[in-house]
Amino acid sequence: MDVQDYFEFIDETSIRIKGHRIYVDEVLEEHLQGKEPEEILRCFPRLPLEKIYATRLYYEANKTEVEAYLARVREEKRKSEKEWQRNLP
């Protein structure tokens, strides 16, 4: 599997599934909650099942690296949420 065929590596907190506006972390969060590929497909109906499997395979083959990526994404989302709440009127 050539990851360049399936993913766009934008920056250290943004890996998008090629051809979609869906990020790897969105699919993996569903996977890590225990959802099967067919259940994930219901969450992202326009995402081909092949790309869901490719995302899971990428995670399993690069677990340490992807876990670090997920931690960065979660931290970035936490900071954004905190900033958003701070700026509420």
Side-chain angles (χ1 to χ4, degrees):
M1 174 172 114
D2 185 358
V3 294
Q4 300 301 325
D5 293 340
Y6 289 96
F7 309 113
E8 294 177 68
F9 295 85
I10 300 164
D11 60 38
E12 68 176 22
T13 59
S14 300
I15 303 172
R16 192 167 40 213
I17 298 173
K18 195 170 266 188
H20 302 274
R21 292 185 176 188
I22 301 168
Y23 291 85
V24 167
D25 57 281
E26 295 173 297
V27 173
L28 290 177
E29 290 297 349
E30 300 295 329
H31 168 65
L32 294 172
Q33 290 176 21
K35 291 184 180 176
E36 293 297 322
E38 292 75 15
E39 293 175 286
I40 296 171
L41 181 60
R42 285 194 287 275
C43 297
F44 306 101
R46 295 189 183 266
L47 188 62
L49 196 55
E50 173 188 357
K51 291 187 178 182
I52 293 171
Y53 277 106
T55 303
R56 290 171 41 132
L57 179 60
Y58 175 65
Y59 172 75
E60 293 300 328
N62 303 282
K63 206 168 215 170
T64 301
E65 179 184 328
V66 177
E67 285 289 343
Y69 161 76
L70 290 172
R72 289 191 303 270
V73 170
R74 289 174 185 138
E75 180 61 20
E76 189 65 31
K77 286 181 181 181
R78 187 194 63 76
K79 285 180 185 177
S80 293
E81 176 72 20
K82 194 173 183 180
E83 181 70 22
W84 180 79
Q85 287 177 350
R86 190 170 54 237
N87 291 321
L88 286 175

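Note that this is a predicted model, so its numbers are computed, not measured.
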task: Please report the shortest heavy-atom distance between I15 and Y69, naming the atom on each side.
output: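 For I15 and Y69, the tightest heavy-atom pair comes out as N-OH, 3.3 Å.
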- request: Identify the heavy atoms of E30 and C43 that sit nearest to each other, and give their distance.
  value: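 The pair with the smallest heavy-atom distance is OE1-SG, 3.8 Å.
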- request: Determine, for E75 against R72, whether the closest basic-nitrogen to carboxylate-oxygen distance falls under 4.0 angstrom.
  value: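 Salt bridge absent between E75 and R72.
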Do [X] and [Y] have side-chain heavy atoms sitting under 4.5 Å apart?
X: R46; Y: R21; value: no
X: K35; Y: R42; value: no
X: E50; Y: Y53; value: no
X: P48; Y: H20; value: yes

Can you tell me how far apart [atom1] ([X]) and [atom2] ([Y]) are? Round to the nearest 0.5 Å.
X: I52; Y: I22; atom1: CD1; atom2: CD1; result: 8.0 Å
X: D11; Y: R16; atom1: CG; atom2: CZ; result: 10.0 Å
X: R78; Y: R74; atom1: CZ; atom2: CZ; result: 13.0 Å
X: I40; Y: T55; atom1: CD1; atom2: OG1; result: 8.5 Å
X: L28; Y: R56; atom1: CG; atom2: CZ; result: 9.5 Å
X: Q33; Y: E39; atom1: CD; atom2: CD; result: 10.5 Å

query: Is it true that a side-chain atom of K51 and a backbone atom of K18 form a donor plus acceptor pair closer than 3.5 Å?
result: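 Yes; judged by distance alone, with no hydrogens or angles, the pair exists.
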Cluster overlap [X] with [Y], hydrophobic side-chain contacts below 4.5 Å:
X: Y23; Y: F9; answer: no
X: F7; Y: F44; answer: yes
X: Y59; Y: V27; answer: yes

message: Would Q85 and E81 count as a side chain to side chain donor-acceptor pair (under 3.5 Å) here? Give the steps.
response: CA-CA 6 Å; Q85 287 177 350; E81 176 72 20; 3.0 Å; yes
- request: Go through the steps for T13 and K77 under the test side-chain contact (heavy atoms from CB on, under 4.5 Å), then give the verdict.
  value: CA-CA 10 Å; T13 59; K77 286 181 181 181; over 6 Å; no
Test side-chain hydrogen bond (donor to acceptor under 3.5 Å, both in side chains) applied to R86 - qualifying residues, sequence neighbours left out: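 Once residues adjacent in sequence are excluded, the partners of R86 under the side-chain hydrogen bond (donor to acceptor under 3.5 Å, both in side chains) criterion are E83.
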